[in-house]
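The structure appears below as structure tokens.
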Amino acid sequence: VDLQPQAGVYLSFAIAIAITTQLWSAILWGWILALLRNPVPKRWAIVTFLKNAPAKYVPGSIWHFYGRVMAAQSRGIEVESATLSVILEPLFIIAGALGLALWYRTTSVPLILALSGILIVVHPIVFNRLWKEWRRLRGKKASGATLAEYPLSILMGTLWFMGLRSITFLFVVFAFTP
């Protein structure tokens, strides 16, 4: 593997942006909790997210979610809301990835359909009805875990998150590209 003379600079930028991306992802998770009517301090969301982030590399790749759910539960957040927050997070990130992909390729019907589906499902009217029906089918009472408003800021934040991830990747590629 041949590194470019300026590879150290590129890799330093990549690491700095990757750290910023993780911090941004933690803030987004805090926003998702607030969207589910469970506001938490930004500092708590960041610390909890970063404490549990290494667990994603444990076989199974779900232990970081489990750690965040347990931390939220110990803070007094219902387990249902905490679990929903870690389920919605990847969905929002997928929406951000699709949005970024459409930025460069506007004629892809499957991408447009997938993004449209997510944007419809996360609308509070649709989501809250689906969630209520899901609980009813499982024989449970209605819960407080509902979306308070349309998550436009979270969707824009995940678009920014995916943009930062892309820039990180490009800096790593630049370090190795002759």
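Heavy-atom basis, side chains included; hydrogens, waters and symmetry copies ignored. In this text the structure is predicted, and so the values were computed from the model without any measurement.
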Test log, rule side chain to side chain contact (heavy atoms under 4.5 Å, CB included), inputs Leu36 and Thr146: CA-CA 6 Å; Leu36 293 168; Thr146 57; over 6 Å; no

Side chain to side chain contact (heavy atoms under 4.5 Å, CB included) assessment of Thr21 paired with Phe161: CA-CA 6 Å; Thr21 303; Phe161 169 81; 3.2 Å; yes

Check against side chain to side chain donor-acceptor pair (under 3.5 Å), Arg37 and Ser81: CA-CA 9 Å; Arg37 295 182 170 96; Ser81 293; over 6 Å; no

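Through side-chain heavy atoms spaced under 4.5 Å, either directly or across other Ile, Leu, Val, Met, Phe, Trp or Tyr residues, Val173 is tied to Phe169.
Taken to the nearest 0.5 Å, the OG1 atom of Thr158 stands 10.5 Å off from the CD1 atom of Ile94.
Side-chain contact between Ile77 and Val40 is present, with at least one heavy-atom pair separated by less than 4.5 Å. Ser166 has its side chain within reach of Leu100: a pair of non-hydrogen atoms, C-beta onward, lies under 4.5 Å apart. Side-chain atoms of Leu23 and Leu50, non-hydrogen and from C-beta on, do get closer than 4.5 Å to each other. For the pair Phe92/Leu28, no side-chain contact is recorded, criterion being any heavy-atom separation below 4.5 Å from C-beta on. Two residues are said to be in side-chain contact when any heavy atoms from C-beta on lie closer than 4.5 Å; Arg75 and Pro41 meet this criterion. Looking only at side-chain heavy atoms (C-beta outward), Arg135 and Glu80 come within less than 4.5 Å of each other.
In this structure, Phe127 and Trp131 have parallel ring planes: the angle between them is below the 30° cut-off, well short of the 60° mark.
Heavy-atom minimum distance, Glu89 versus Trp29: OE1-CD1, 4.4 Å. Counting all heavy atoms, side chain and backbone alike, Val126 lies closest to Ile120 at CB-O, 3.4 Å.
With hydrophobic clusters built from ILVMFWY side chains whose heavy atoms lie under 4.5 angstrom apart, Leu98 shares a cluster with Ile112.
A side-chain donor-acceptor contact under 3.5 Å links Asn128 to the backbone of Pro124. Judged by distance alone, the side chain of Ser85 and the main-chain N or O of Ala82 form a donor-acceptor pair under 3.5 Å.
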Determine all donor-acceptor pairs shorter than 3.5 Å in which one atom belongs to a side chain in residues 53-62; sequence neighbours excluded.
none

